[in-house]
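Report on the following structure.
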Amino acid sequence: MVSFTFSAVAAVSALLPIAFAQTHTNCNPLNTTGCPNMPALGGNASFHFNTTWSDKLWKSTNNGQIAQKDEGAIFTINQSGDSPTIASSFYLLFGRVSVIMKAAPGTGIISSAILQSEDLDEIDWEFLGSNKTSILTNYFGKGNTTSYDRGKDFVIDNVQEKFHNYTIDWTKERIQWWFDDRMLRELKYEEALGGKNYPQTPMNIRLGIWSGGDVKNNDPGVVAWAGGKTDFKQGPFSMTVRDIYAEDYTTAKEYSWEGMDASGSWQKVKVLNGTSEALTEARKPHGVQNRWNALSKGAQIGIIAGILGFVAICAILITVCCIKQRRAGRREHAALLAQENKEAAELLAYKNQMASGRFGYGNSNRV
Ligand SMILES: *[C@@H]1O[C@H](CO)[C@@H](O)[C@H](O)[C@H]1NC(C)=O
Ligand SMILES: *[C@@H]1O[C@H](CO)[C@@H](O)[C@H](O)[C@H]1NC(C)=O
Ligand SMILES: *[C@@H]1O[C@H](CO)[C@@H](O)[C@H](O)[C@H]1NC(C)=O
Ligand SMILES: *[C@@H]1O[C@H](CO)[C@@H](O)[C@H](O)[C@H]1NC(C)=O
Ligand SMILES: *[C@@H]1O[C@H](CO)[C@@H](O)[C@H](O)[C@H]1NC(C)=O
Ligand SMILES: *[C@@H]1O[C@H](CO)[C@@H](O)[C@H](O)[C@H]1NC(C)=O
Ligand SMILES: *[C@@H]1O[C@H](CO)[C@@H](O)[C@H](O)[C@H]1NC(C)=O
Ligand SMILES: *[C@@H]1O[C@H](CO)[C@@H](O)[C@H](O)[C@H]1NC(C)=O
């Protein structure tokens, strides 16, 4: 079932200056020259957050906890001000991203999985913690937030207790939002203000959780939009990201803004072909921890048993060796004593013999 109830919150939202995503850009290429090139993904990569991830590929903001567990990466809000996020260091220019995740519960808590570019094009999935069967899809072109008719929400399955596959399939012609194997929404290029508001510049992947219902840090409008005031005593609130499957539709090594103008058009983005560092990095295991985690439980148990076995064998060997040595020592000591006793006895006998003059030269004065 599909519903379009976003207009109810649109009135409140219209008061707000900016979108509710975790939007940020260091260098906006539409009005700044010399914005740095962006590393591309340039191919397919999968990321499993049940094992440690590369901090070269995923940059995190450390305000709040992101824990690595068997279930995946767990983003937690425990107190006012927490908003843990990660963003990919690599970008895609048209592509497909599937995020396998569970959204966070909690009034006012917003989970999000978005694609965003440096000139603030954006494609969103957002989840309100107050409603476990609702999901919001949204998009922005060049940071234009003047109109709030772009968001659409859908009533779907339980998004907080079950993992689901949220896919954005993005080409220059259209954007599709897929919930598991069902397409919820399609936006055509021309439907986005004749393409002007259509997301079309290299985007990275940003995942995070924040508290729109934190009355300390937000306007009443945001709190209302977020579904109400967050009661942190009900927390902690966590969202879990298990896997991400990303496909860049180009074979780029980097994207460049050189020659970009105010149009923000995809035709003005320079695609520099080559083997991307992100792909190389994504395909190698990350650290000992990662290789360790990549092993099955059985293999891990096997290795631990092996190490313990080795230690035990060493201990036994050392013990046996010591006992042997001590025994040998005792034997040697006894032999030595016996030898000494024997020599002492011989010496005594010799002295006695000499004293008794048995050999004839004992009392030489008597000669
Ligand atoms: C560029 O545009 C953005 C968004 O309109 C604005 O926030 C920023 O201040 C501008 N930067 C410059 C250098 O003009
Ligand atoms: C990426 O994966 C898709 C299927 O998910 C496949 O069709 C495509 O050929 C792959 N591309 C590359 C460059 O491996
Ligand atoms: C969670 O927040 C409470 C205070 O609100 C604090 O006492 C506690 O240590 C925090 N726990 C973690 C894991 O940060
Ligand atoms: C959840 O959201 C949907 C649509 O956005 C709405 O129809 C439903 O009433 C909401 N449920 C609750 C419990 O707020
Ligand atoms: C922003 O988008 C609205 C409609 O969504 C449009 O009316 C307006 O002209 C756009 N602004 C710019 C600067 O393109
Ligand atoms: C996620 O959903 C998309 C769209 O239905 C599908 O193509 C893709 O294979 C799914 N991925 C996984 C890992 O289930
Ligand atoms: C980059 O590679 C793609 C696919 O191999 C090709 O279509 C495109 O023309 C190349 N672009 C440049 C600038 O070489
Ligand atoms: C992590 O998840 C992937 C994909 O779901 C799976 O293939 C792999 O075995 C898992 N690794 C561990 C250590 O659980």
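Below, each value reflects all heavy atoms present in this structure, side chains not excepted, and no hydrogens, waters or symmetry copies. Here the structure is a predicted model, which means the values were calculated and not measured. One-based numbering, in listed order, for ligands and for the atoms of each.
The minimum heavy-atom distance between Asn158 and Gln160, with the atom names listed, is OD1-N, 2.8 Å. Of all the heavy atoms in Ser276 and Ala252, the pair that sits closest is CB-O, 3.7 Å. In plain terms, the two heavy atoms of Glu126 and Ile135 that are nearest each other are O-CG1, 3.6 Å.
Close approach to Asn44 involves these atoms of ligand 2, each under 4.0 Å from a residue heavy atom: 1 (C), 2 (O), 3 (C), 8 (C), 10 (C), 11 (N), 12 (C), 14 (O). Listed by number with element, the atoms of ligand 5 under 4.0 angstrom from any heavy atom of Thr146 are 1 (C), 2 (O), 3 (C). Of all atoms in ligand 2, listed by their number and element, those nearer than 4.0 Å to a heavy atom of Arg96 are 5 (O). The contact set between ligand 5 and Lys196, taken as ligand atoms under 4.0 Å from a residue heavy atom, comprises 14 (O).
Closest to atom 5 (O) of ligand 5 among all protein heavy atoms lies Arg150 NH1, 3.1 Å. Counting protein heavy atoms only, atom 9 (O) of ligand 5 is closest to Leu193 CD2, 4.2 Å. From the protein, the heavy atom lying nearest to atom 13 (C) of ligand 5 is Asn144 ND2, 4.4 Å. At the shortest separation from atom 7 (O) of ligand 2 among protein heavy atoms lies Glu247 OE2, 4.9 Å.
Atom 2 (O) of ligand 2 is flagged as protein-proximal [any protein heavy atom, distance under 4.0 Å].
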Using the rule given for ring pair (Phe, Tyr, Trp, His ring centres under 6.0 Å), can you reason through Phe154 versus Phe179, listing the C-alpha separation, both sets of side-chain angles and the distance that settles it, and then say yes or no? CA-CA 10 Å; Phe154 299 87; Phe179 172 73; 9.6 Å; no
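Under 4.0 Å from ligand 8, the heavy atoms of Asp243 that appear belong solely to its side chain.
Between Ile123 and Trp177, the closest side-chain pair of non-hydrogen atoms falls below 4.5 Å.
Using a 4.5 Å cut-off between side-chain heavy atoms of Ile, Leu, Val, Met, Phe, Trp and Tyr, with links allowed through other members, Ile74 and Ile86 fall into different hydrophobic clusters.
Residues Lys188 and Glu186 are paired through a salt bridge, judged by an N-O separation under 4.0 Å between the basic side chain and the carboxylate.
Between Phe49 and Phe47, the ring-plane angle classifies as tilted under the 30° and 60° cut-offs.
The residue from Asn50, Asp70, Thr51 that puts a heavy atom closest to atom 10 (C) of ligand 8 is Asn50.
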